2 protein chains.
Amino acid sequence: MIDFISSPHLSINIFAFKTAGGCQQSPADWKTRGNKFMDKTIEDIAQKAGVSTATVSRVLNNKPDVNDETKKKIEKIIKEEDYMPNGIARGLAKNKTLTIGLIIPDISNPYFPEIVRGSENQSKKMGYSLIFCETQNNKKEEKRSIDLMRSKRVDGILLSLSKNNKQELIKLQEDQFPFVQIDRFIPEIQSSCVIINNVNAACKAVNYLIKKGHKKIAHVTGDLKTQTGIKRKEGYQKVIQENNLKIKNKWIKQGDYTKKSGYESMKSLLDLSEKPTAVYFANDLMALGGYKAAEEKNFKIPDNISIVGHDNIDIASLIKPALTTVAQPMYKLGIEAAKLLIKNINEKENDYRHKILSTKLIERESTAEVR
Amino acid sequence: MIDFISSPHLSINIFAFKTAGGCQQSPADWKTRGNKFMDKTIEDIAQKAGVSTATVSRVLNNKPDVNDETKKKIEKIIKEEDYMPNGIARGLAKNKTLTIGLIIPDISNPYFPEIVRGSENQSKKMGYSLIFCETQNNKKEEKRSIDLMRSKRVDGILLSLSKNNKQELIKLQEDQFPFVQIDRFIPEIQSSCVIINNVNAACKAVNYLIKKGHKKIAHVTGDLKTQTGIKRKEGYQKVIQENNLKIKNKWIKQGDYTKKSGYESMKSLLDLSEKPTAVYFANDLMALGGYKAAEEKNFKIPDNISIVGHDNIDIASLIKPALTTVAQPMYKLGIEAAKLLIKNINEKENDYRHKILSTKLIERESTAEVR
DNA sequence: CTGAAAGCGCTAACAC
DNA sequence: GTGTTAGCGCTTTCAG
């Protein structure tokens, strides 16, 4: 504190006697200013440099047409004074905040932190910062979050909304508010998005099993109200048909992406009289549930049953046997989404781009050749 | 768009001919306004209601002294027009943004997402939103992040800085800028913090092993440049001494919280001629490394060696054998930190509070009675 | 190349 | 109770 108070620039500040604003607590008759932490303003710098605020603003914003000498001088003072422009004031004046919103359902789902990391890293790199909301898949929260972001005047939003909240997206669209959908794509909405090719990903998993000699392949689907769930199932069915294997409805169990649903699906699969020799789970979490069921029923993985998951969450490589799975580039998903959004923000014309990232099968220990 | 353009309030808006500001792209000679998405302003509402902006502002801020009728009328119009105050303008006028910053080293470390979730949920509940930065334990990034937050005029910061970045904290402190340290506490700094009692946590782990009959207990420490590392080791030593077991230096291996260091420490422990019967790892990740080493050396857990971890990350319950560990209330850590920060923000006097949360030993399958 | 001044949307004295 | 007005700190015409 001390050095601020005795700092010379304050004593010559012509605003030193302005009304104290919201800061009534400050020592009675000291020279003070409204802003809470006595932050320096562009005025202070202008005075020190003996120029107008306009000129300081020019160098702050790298505008051309400012004398090299004055520019150097101003820059020096800015550095000396450790001045930092007030982003809020700037935001108000420029009508952009260099902030983007990120709305995801659930950060404790191991799928999302990497996405967050990707978007954070990329936004930062491009000069934006991230304001973060979690919605717990709750429709009300989703609306609240979007409203919040808009009231905070973010320049755009990255979001991953629950199944049936088109409404909010439509509103954004009508207002021409920049946004990009991550991972979960609501197809009726005309917008940019970054997703993976889920059909293709599923194909990779099932083809791999077939190459290993499996002919009886089951599938535990994801939530079939989501695109990801639907598409992965589609991929599964496609490959089965292409290889002239019969699609047994008994071998398709509907899950919902929770471990529990994986557990239960696997249990009923293993209760069948004609059991599959392999099962493809629409995500790793469910596969984990499958492990538990297999263990309880004394099925050895992969000797008695092969398992393939989807996502490649951290745990996949740590459990035993390590889980063969289809890896999604989550970090990259975050990166690309941020890139796309910022591009959309800075373009006059909104043309919508769909970025589709590729997946990769990671072979581990949960799958074996069928004898 | 259509309904905005034909919306009656626009046609009577006296500001309709203001300069177009940054929005030159808008259809040439239409009535337009500077702000990007033609958002309504408090002026619009005031006009519709036939009152001054001051009055609208009053109802917006729930100030007393406004006629019930006019209040109702204004509220109705606000709802009809779907008006939402501009947070940036508000921030500038009030000198507070209702935003807090969260700075953590690494969101992909499974330890942190829960903290993020906790702070997000709690801040939201208290009317604040979160702006998020990740630093990868990089000192430069830490400074950048703090500067960023300050330039965005957050009302306070939650942070978990790397070992030796006192400097930045000291600066915050000097400026009387509200902040609270999470998990990692730099003791020389006078500030609020939310941490766990690490000595006590370690005691729980080691006492438990002793109760199980173990007399030869090793410890793989965390990074000893962190408080958490130091304190856990302290706890370990304390219990060993209290129980009159000898502290063997050979049984204390210095790790750094990475899986790899756990792996290597365990390997050298198992190479000893006098092997421990149990080892307490300062975090779960290292314990995981320990699993791998044990496996390679054909030591069965828990039959040949017992293992206790620390943190209770997700994986702990999923690996086999499931890991006995000391659980930290990470979600709660996030919650309490947010509460404390917001309290600090709204208090005139900064008195610093240390909130110390308790831990809990979770017994699973990686520990056995010693014969 | 630089300065004066108007404004971004809102709040908060102060007056009536 | 309500309106007037002067800011909040910065950007951006428009003159010169």
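Naming convention: chains lettered A, B, ... in sequence-line order (proteins, then strands); numbering from 1 in each chain. The model shown is predicted, which means the values in this text are computed figures rather than measured ones.
- Set against C:dC1, C:dA12, C:dC10, the side chain of B:R90 has C:dC10 as its closest nucleotide.
- Between the CG atom of A:N95 and the P atom of C:dG9 there is a distance of 7 Å, given to the nearest Å.
- For B:R58, the listed nucleotide lying nearest its side chain is D:dT2; candidates were D:dT2, D:dC10, C:dG3.
- At a threshold of 4.0 angstrom between heavy atoms, the contacts of A:K71 with the nucleic acid are absent.
- Dashed line: the shortest gap from a side-chain N or O of B:T55 to OP1 or OP2 of D:dG3 is under 4.0 Å.
- Comparing C:dT11, D:dT11, D:dC10 by their nearest atom to the side chain of A:T41 picks out D:dC10.
- Counting only heavy atoms from C-beta on, A:A93 has its side chain closest to D:dG9 among D:dT12, D:dG9, D:dC8.
- Between the CD1 atom of B:I88 and the C1' atom of D:dG9 there is a distance of 13 Å, rounded to whole Å.
- Along DNA chain C, the nucleotide nearest to B:A89 and the one nearest to B:A54 differ in position, and the one closer to the 5' end is contacted by B:A89.
- Straight-line distance from the CD atom of A:E43 to the P atom of D:dG7: 12 Å, rounded to whole Å.
- Candidate nucleotides C:dG9, C:dC1, D:dT11 were compared by shortest atom distance to the side chain of A:D65, and C:dC1 ranks first.
- Each of B:E81, B:E80, B:E43 was scored for a salt bridge (Lys or Arg N to Asp or Glu O under 4.0 Å) with B:K48, with one residue passing: B:E81.
- Distance from the side chain of B:V51 is smallest to D:dG3 among D:dG3, D:dT12, C:dT2.
- OP1 or OP2 of C:dA12 sits under 4.0 Å from a side-chain N or O of B:K63.
- In the set D:dT11, C:dC10, D:dG3, the nucleotide with an atom closest to the side chain of A:N61 is D:dT11.
- Residue B:S191 is tested with B:R353, B:Q181, B:Q173 for a side chain to side chain donor-acceptor pair (under 3.5 Å); the sole match is B:Q181.
- The pair B:K171-B:E168 meets the salt-bridge criterion, with a side-chain N (NZ, NE, NH1 or NH2) lying under 4.0 Å from an Asp/Glu carboxylate O.
- Of the candidate nucleotides D:dT2, D:dC10, C:dA4, D:dT2 has the atom lying nearest to any side-chain atom of B:T70.
- At C:dC10, one or more side-chain N or O atoms of B:Y83 fall inside 4.0 Å of OP1 or OP2 (strictly under the cut-off).
- Distance A:I74 CD1 to C:dG3 P: 8 Å, rounded to the nearest Å.
- Comment: A:E69 does not engage A:K73 in a salt bridge, judged by the lack of any side-chain N to carboxylate O separation of less than 4.0 angstrom.
- Taking atom CG on B:L60 and atom P on C:dC10, their separation rounds to 8 Å, with Å as the unit.
- The pair B:K40-B:D82 fails the salt-bridge criterion, with no side-chain N (NZ, NE, NH1 or NH2) lying under 4.0 Å from an Asp/Glu carboxylate O.
- In this structure, the CG atom of A:L92 is 17 Å from the P atom of C:dA6, given to the nearest Å.
- Here the side chain of A:N67 is nearest to one of C:dA12, D:dT11, C:dT2, namely C:dT2.
- Between the C1' atom of C:dT2 and the CD atom of A:E69 lies a distance of 15 Å, rounded to the nearest Å.
- B:N86 places its CG atom 13 Å from the C1' atom of D:dC8, with the value rounded to the nearest Å.
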- Query: For B:K124 and A:E141, what are the C-alpha separation, side-chain angles and deciding distance, and is it a salt bridge (charged side-chain N to carboxylate O under 4.0 Å, His left out)?
  - Reply: CA-CA 10 Å; B:K124 184 189 286 171; A:E141 273 311 318; 3.1 Å; yes
